[in-house]
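Take a look at the structure below.
These numbers come from the heavy atoms of this one structure, side chains and all, not from hydrogens, waters or symmetry mates.
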Amino acid sequence: TIRVKLKACPRYEPDTSLDASKNYMDLKFAASAALGPDTHFKLIEAVAEHVCDTLFVQDTRVEEVSVKIVKLALSEADEQIGITLTRERR
């Protein structure tokens with residue numbers, strides 16, 4: 001799960017252009033293709049950190065990113081074992 005705090009426009013009107021919103025494909029890219037097929041992460045925290053960094057670089061309006069990663073191999077039934085990493089723009 002990726003949650004982004006985006007600097008908002010003063011007001012969103014019916015005719016506000018699409019570029020006033022975050023492109024959700026950027027979120028998908030940060031969680032998939034940006035990780036690279038040849039990159040190996042030892043820690044899930046490092047994966048979350050990379051996703052945060054990617055989103056900060058993509059869009060200056062991104063003020064905060066939270067990445068939640070659930071370790072499916074450890075989780076049983078309805079458990080969700082994993083981490084949530086939150087970073088603010090520096």
Side-chain angles (χ1 to χ4, degrees):
T1 304
I2 300 173
R3 185 184 62 79
V4 173
K5 181 179 176 186
L6 192 68
K7 184 176 182 179
C9 289
R11 184 161 173 84
Y12 294 97
E13 300 292 345
D15 62 344
T16 300
S17 67
L18 289 176
D19 63 349
S21 177
K22 182 72 184 139
N23 183 337
Y24 295 102
M25 292 306 290
D26 291 345
L27 303 179
K28 180 180 178 183
F29 173 80
S32 57
L35 297 175
D38 299 326
T39 305
H40 176 74
F41 295 91
K42 291 183 181 179
L43 300 173
I44 61 172
E45 291 86 351
V47 174
E49 195 80 59
H50 185 78
V51 170
C52 291
D53 290 344
T54 299
L55 291 168
F56 286 132
V57 168
Q58 284 179 343
D59 192 332
T60 58
R61 298 173 301 161
V62 173
E63 297 177 339
E64 181 180 285
V65 180
S66 290
V67 179
K68 178 181 177 181
I69 299 176
V70 175
K71 297 277 286 194
L72 297 176
L74 297 176
S75 301
E76 296 179 9
D78 291 333
E79 291 178 323
Q80 291 191 354
I81 299 171
I83 62 110
T84 299
L85 180 76
T86 301
R87 292 286 189 240
E88 294 178 352
R89 181 177 290 281
R90 296 178 227 153

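Distance CG/L27 to OG/S32: 10.5 Å, rounded to 0.5 Å. Taking NZ of K68 as the reference point, atom CD1 of I2 lies at 13.0 Å (rounded to 0.5 Å).
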Would C52 and V67 satisfy side chain to side chain contact (heavy atoms under 4.5 Å, CB included), going step by step from the backbone distance to the final call?
CA-CA 7 Å; C52 291; V67 179; 3.8 Å; yes
Does the pair Q58 and K22 meet the rule for a side chain to side chain contact (heavy atoms under 4.5 Å, CB included), with working shown?
CA-CA 10 Å; Q58 284 179 343; K22 182 72 184 139; 3.9 Å; yes
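A pairwise comparison of heavy atoms in L85 and E49 identifies CD2-N, 3.6 Å as the closest pair. Scanning both residues, I83 and A48, for their nearest heavy atoms gives CD1-CB, 4.2 Å. Closest heavy-atom contact between T16 and A20: CG2-CB, 3.5 Å. Here the closest heavy-atom approach between residue E64 and residue F56 is recorded as N-CE2, 4.0 Å. Looking at every heavy atom in both residues, S21 comes nearest to L6 through C-CD2, 4.3 Å. Counting all heavy atoms, side chain and backbone alike, I69 lies closest to I44 at CD1-O, 3.5 Å.
Within the 3.5 Å criterion, the main-chain N or O of A34 finds a donor-acceptor partner in the side chain of H50. Side chain of R61 to main chain of A8: no donor-acceptor pair is present (N/O by atom type, distance under 3.5 Å, no hydrogens or angles).
Both V51 and F41 belong to a common hydrophobic cluster when Ile, Leu, Val, Met, Phe, Trp and Tyr are linked at side-chain heavy-atom distances under 4.5 angstrom. In this structure, V47 is a member of the same hydrophobic cluster as V4, with clusters built from ILVMFWY side-chain heavy atoms closer than 4.5 Å.
Looking at heavy atoms from C-beta onward, T84 lies out of side-chain contact with T1 at the 4.5 angstrom threshold. Inter-residue side-chain proximity for V65 and T86 is flagged as unmet; no heavy-atom pair is nearer than 4.5 Å.
Under a 4.5 Å side-chain heavy-atom criterion applied to ILVMFWY residues, the cluster that includes L43 comprises that residue alone.
No side-chain donor-acceptor contact under 3.5 Å links Q80 and K71.
Under a 4.0 Å N-O distance rule, the pair K5/E88 does not qualify as a salt bridge.
Sorted by first and then second residue, the ring pair (Phe, Tyr, Trp, His ring centres under 6.0 Å) pairs involving residues 2-38 (not counting sequence neighbours) form an empty list.
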